[in-house]
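Inspection log for the structure reproduced underneath, given as structure tokens.
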Amino acid sequence: MKIIPNQKCYSSAGNVLQLSKSGTSLPLSTEQGLPITGKVLKEYQYFIMRLENTTEETLTLQVDFYERSKSVNEESNLSIAFDILPSSDVTIPISLSYLNSQHLFPSRTPGRLRMMVSGKPLLKDSVAAVFLKSRPFFQDRKIKLKEIYLSNEEEAAIHDPRTLVDEFG
């Protein structure tokens, strides 16, 4: 199932997402405009994103899951933070089994440096909202958000890999 972010955050270039230096919070919904809830998630095993970090710095993003009883203005119930290599186009799989909060540091995937799960265990059925967030940084940034979707197949890849270390290490 394809997922779309709030269109207000996009630039005129289409899939280029503006990330504010104070941090960006982007609610995610289905193509029909419905929020991502437990009802939508229950049929799938993976939340997958393909994005391109166009900056020269490592990019930290997080996916926040909110329970029905919480307001999105409050702290999320469960947060999955991850770092993306500079100047790279990657597909990031997030297993929805991480909602049980038993995997604090999931295994690395190509193009992703680390991932950390924090928060209280959450049942898929109780998810009321999902947000993609960026953390504060010293300047505004842009990323290309190519695709977000739900799947039952894990997909992890770095597309058109570039050498990021020079001959001196």
Side-chain angles (χ1 to χ4, degrees), residues 1-10 15-53 55 57-84 90-109 111-137 140-151 154-156:
M1 170 180 283
K2 189 172 181 178
I3 297 172
I4 59 169
N6 181 336
Q7 296 295 321
K8 294 176 188 172
C9 297
Y10 278 117
N15 66 347
V16 177
L17 182 62
Q18 307 284 345
L19 301 176
S20 165
K21 66 181 176 182
S22 62
T24 299
S25 182
L26 183 64
L28 300 176
S29 59
T30 65
E31 285 183 294
Q32 295 76 30
L34 301 171
I36 303 299
T37 64
K39 188 175 183 178
V40 175
L41 294 175
K42 73 178 181 181
E43 298 176 31
Y44 299 97
Q45 295 177 353
Y46 293 94
F47 178 90
I48 299 175
M49 290 184 290
R50 180 170 178 193
L51 54 92
E52 184 176 348
N53 179 5
T55 67
E57 297 88 15
T58 299
L59 174 67
T60 301
L61 294 174
Q62 66 189 54
V63 178
D64 285 355
F65 295 85
Y66 292 88
E67 212 168 19
R68 287 191 187 107
S69 60
K70 284 222 171 188
S71 161
V72 292
N73 296 325
E74 297 179 58
E75 189 175 318
S76 65
N77 290 86
L78 188 112
S79 180
I80 301 174
F82 53 94
D83 293 331
I84 305 297
V90 296
T91 298
I92 306 292
I94 297 175
S95 173
L96 294 174
S97 70
Y98 299 159
L99 293 176
N100 70 11
S101 198
Q102 298 301 304
H103 299 86
L104 296 179
F105 301 101
S107 301
R108 289 177 53 181
T109 57
R112 182 178 57 75
L113 295 175
R114 68 172 177 95
M115 182 177 278
M116 185 175 80
V117 178
S118 59
K120 296 180 180 175
L122 193 60
L123 295 172
K124 270 194 222 180
D125 291 346
S126 67
V127 173
V130 179
F131 281 68
L132 178 63
K133 294 185 177 184
S134 69
R135 294 185 176 173
F137 198 66
D140 289 346
R141 294 172 291 168
K142 295 178 186 175
I143 61 168
K144 291 182 183 175
L145 191 55
K146 297 188 172 186
E147 220 176 355
I148 303 177
Y149 56 98
L150 296 170
S151 176
E154 180 180 24
E155 298 174 41

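The model shown is predicted, which means the values in this text are computed figures rather than measured ones.
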(message) Any non-hydrogen side-chain atom of Ile148 less than 4.5 Å from a side-chain atom of Phe47?
(response) yes
(message) Between Lys124 (side chain only) and Tyr44 (backbone N and O only), is there a donor and an acceptor less than 3.5 Å apart?
(response) yes
(request) Kindly check if the number of other-residue, nucleotide or ligand heavy atoms within 6.0 Å of NZ (Lys144) is above 12? (result) no
(message) Are Leu59 and Ile143 packed together at the side-chain level, in the sense that at least one heavy-atom pair is separated by less than 4.5 angstrom?
(response) yes
(request) May I ask you to check whether Ser79 and Asp64 show a side-chain donor-acceptor distance below 3.5 Å? (result) yes
(message) What's the separation between atom CG in Leu41 and atom CG in Leu123, rounded to the nearest 0.5 Å?
(response) 12.0 Å
(request) Give me the one residue out of Thr60, Thr58, Ile92 that meets side chain to side chain contact (heavy atoms under 4.5 Å, CB included) with Ile84. (result) Ile92
(request) Report the distance from atom NZ of Lys39 to atom CG of Leu34, rounding to the nearest 0.5 Å. (result) 9.0 Å
(message) Can you confirm whether Leu150 sits close enough to Ile48 that some side-chain heavy atom of one is under 4.5 Å from a side-chain heavy atom of the other?
(response) no
(request) Assess whether side chain to side chain contact (heavy atoms under 4.5 Å, CB included) is satisfied between Lys133 and Thr24, documenting all intermediate values. (result) CA-CA 5 Å; Lys133 294 185 177 184; Thr24 299; over 6 Å; no
(request) Let me see the working for Ile94 and Met49 under side chain to side chain contact (heavy atoms under 4.5 Å, CB included), right down to the final yes or no. (result) CA-CA 8 Å; Ile94 297 175; Met49 290 184 290; 4.1 Å; yes
(message) Using 0.5 Å steps for rounding, measure from the CE atom of Met115 to the OG atom of Ser95.
(response) 9.5 Å
(request) To the nearest 0.5 Å, tell me how far Phe65 CZ sits from Ser101 OG. (result) 12.0 Å
(message) Taking the side chain as everything from C-beta on, heavy atoms only, tell me whether Leu96 gets closer than 4.5 Å to Gln45.
(response) no
(request) Could you tell me which non-hydrogen atom of Gln62 sits nearest to which non-hydrogen atom of Arg135, and how far apart they are? (result) OE1-NE, 2.9 Å
(message) Please report the interatomic distance CG(Leu61) to CG(Leu51), rounded to the nearest 0.5 Å.
(response) 6.0 Å
(request) Evaluate the side-chain proximity of Lys120 to Asn77: yes if any heavy-atom separation is below 4.5 Å, no if none is. (result) no
(message) I'd like to check Ser118 versus Leu78 (side-chain heavy atoms, cut-off strictly below 4.5 Å). Are they in contact?
(response) no
(message) Give me the atom names and distance for the closest heavy-atom approach of Ala128 to Pro35.
(response) O-CB, 4.2 Å
(message) Please find the pair of heavy atoms, one from Ser134 and one from Arg141, that lie closest to each other, and give the distance.
(response) CB-NH2, 4.5 Å
(message) Quick one, Leu122 and Glu67 - any side-chain contact, counting heavy atoms below 4.5 Å?
(response) yes
(message) Side chains of Phe137 and Glu57, heavy atoms from C-beta outward: is any pair under 4.5 Å?
(response) yes
(request) Supply the atom-to-atom distance Lys146 NZ to Arg50 CZ, rounded to the nearest 0.5 angstrom. (result) 4.5 Å
(request) For the pair His103 and Tyr98, name the ring-plane relationship: parallel under 30°, tilted 30 to 60°, perpendicular over 60°. (result) tilted
(request) For residues Pro93 and Tyr46, report the shortest heavy-atom separation together with the two atoms involved. (result) CB-CD2, 4.4 Å
